[in-house]
Each structure stands twice: as C-alpha cells, then as structure tokens.
Visitor: 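This is the structure I want to talk about, given as structure tokens.
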Amino acid sequence: MRPPLLLLTLAAVLVAVPALASDFADGLKGGPDAWRVSGLGPGATLALRTAPARDAAILARYPDGTRLANEGCLIRKSVRWCRVSPWDARKPSGWVIGRDLREATD
C-alpha cells in the first residue's frame, strides 16, 4: 500500500526543518559549546530561571548579545528550555527559553 501524499509531504517537512534551524537551540542534538542571546525586542531581556518553567523564580536577566555556556536543552510542555551558565563563574546557572538563543560563533 502506498502512503498518502500528505503523509509524504509532512515527512519531508519534518526532515527539512532541523536543517533550516540548525543555529537555534535545538535541545535534541547536543548543540554548540556556547549560545548568544539573540532576537529579543528593544529593551527586552532573557530571564534565567531556577527551573525549566515559566513560573520558576528568576535568577538574572540577559540582554541581546550576551554569551552563555551551553549545558544542554530539553523540551518541557512544548517549550525548548536550555540550561546555561554565564562565563563569570560567580554568577548562577539556570534555565532559559531556547528560542532566544543562537550558536555563538566567536
């Protein structure tokens, strides 16, 4: 039996999406050593939280351009969360939403 065209199209899209978004925090393939906060609006900051949840306490806030070490990502309730730590070891590690991270190339 031949699979329906819709199923084949969906499979092709699912295969292509990771390739198009490879510089985003993917959470499923290990990722780079470092992330850069990117894509926030003017004046916005990325919240570093104690746990991978929107209601977890905020430890710090980071503006666009901040470089963070990658400690791994996971998917929780359809949201990609990444555990990160600042380069300054005196500051806390925590969780941020991965959509606002891009691979740091420097």
Visitor: Is there a side-chain contact between Ser85 and Leu68 in this structure, where contact means two heavy atoms from C-beta onward sitting under 4.5 Å apart?
Guide: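 The answer is no, as the side chains (C-beta and beyond) never meet within the 4.5 Å cut-off.
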Visitor: Do the non-hydrogen side-chain atoms of Leu74 and Arg80 ever get within less than 4.5 Å of each other?
Guide: no
Visitor: Is there side-chain contact between Asp88 and Lys91, with heavy atoms separated by less than 4.5 Å?
Guide: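 Asp88 reaches Lys91 side chain to side chain.
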Visitor: Hey, what do you get for SG (Cys73) to CD1 (Ile97), rounding to the nearest 0.5 Å?
Guide: 12.0 Å
Visitor: Would a 4.5 Å heavy-atom cut-off, applied to side chains only, mark Thr45 and Asp64 as touching?
Guide: no
Visitor: With the side chain counted from C-beta on, respond yes when Arg102 and Trp35 share a heavy-atom pair under 4.5 Å apart, and no when they do not.
Guide: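 Counting from C-beta outward, Arg102 and Trp35 never come under 4.5 Å.
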Visitor: Return the minimal non-hydrogen interatomic distance between Ala51 and Trp81, and the atom names on each side.
Guide: O-CZ3, 4.4 Å
Visitor: If you compare all heavy atoms of Pro63 against all heavy atoms of Leu40, which two are closest, and at what distance to 0.1 Å?
Guide: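 Looking at all heavy atoms of both residues, the closest pair is C-CD1, 4.3 Å.
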Visitor: Does Asp100 reach the main-chain N or O of Val37 with its side chain, forming a donor-acceptor pair under 3.5 Å?
Guide: no
Visitor: Please assess Cys82 against Leu101 for the test side chain to side chain contact (heavy atoms under 4.5 Å, CB included), listing each intermediate value before the final yes or no.
Guide: CA-CA 9 Å; Cys82 296; Leu101 301 175; 3.8 Å; yes
Visitor: Does this structure show an ion pair linking Arg36 with Asp106, if we count only N-O contacts that are shorter than 4.0 Å?
Guide: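 A salt bridge is present here (some side-chain N lies under 4.0 Å from a carboxylate O).
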Visitor: I'd like to know if the side chain of Arg49 reaches the main chain of Gly94, judged simply by a donor and an acceptor atom lying under 3.5 Å from each other, with no hydrogens or angles considered.
Guide: no
Visitor: For the side chain of Arg61 and the backbone of Ile58, is there at least one donor-acceptor N/O pair under 3.5 Å apart?
Guide: no
Visitor: Using side-chain heavy atoms (C-beta onward) and a distance below 4.5 Å, is Trp95 in contact with Arg76?
Guide: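 They are not in contact (no side-chain heavy atoms under 4.5 Å apart), so the answer is no.
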Visitor: Judged by atom type as modelled, is there a donor-acceptor pair below 3.5 Å linking the side chain of Asn70 to the main-chain atoms of Asp33?
Guide: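 No: the side chain of Asn70 does not pair with the backbone of Asp33.
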Visitor: Quick check: do Tyr62 and Leu48 have side-chain heavy atoms less than 4.5 Å from each other?
Guide: yes
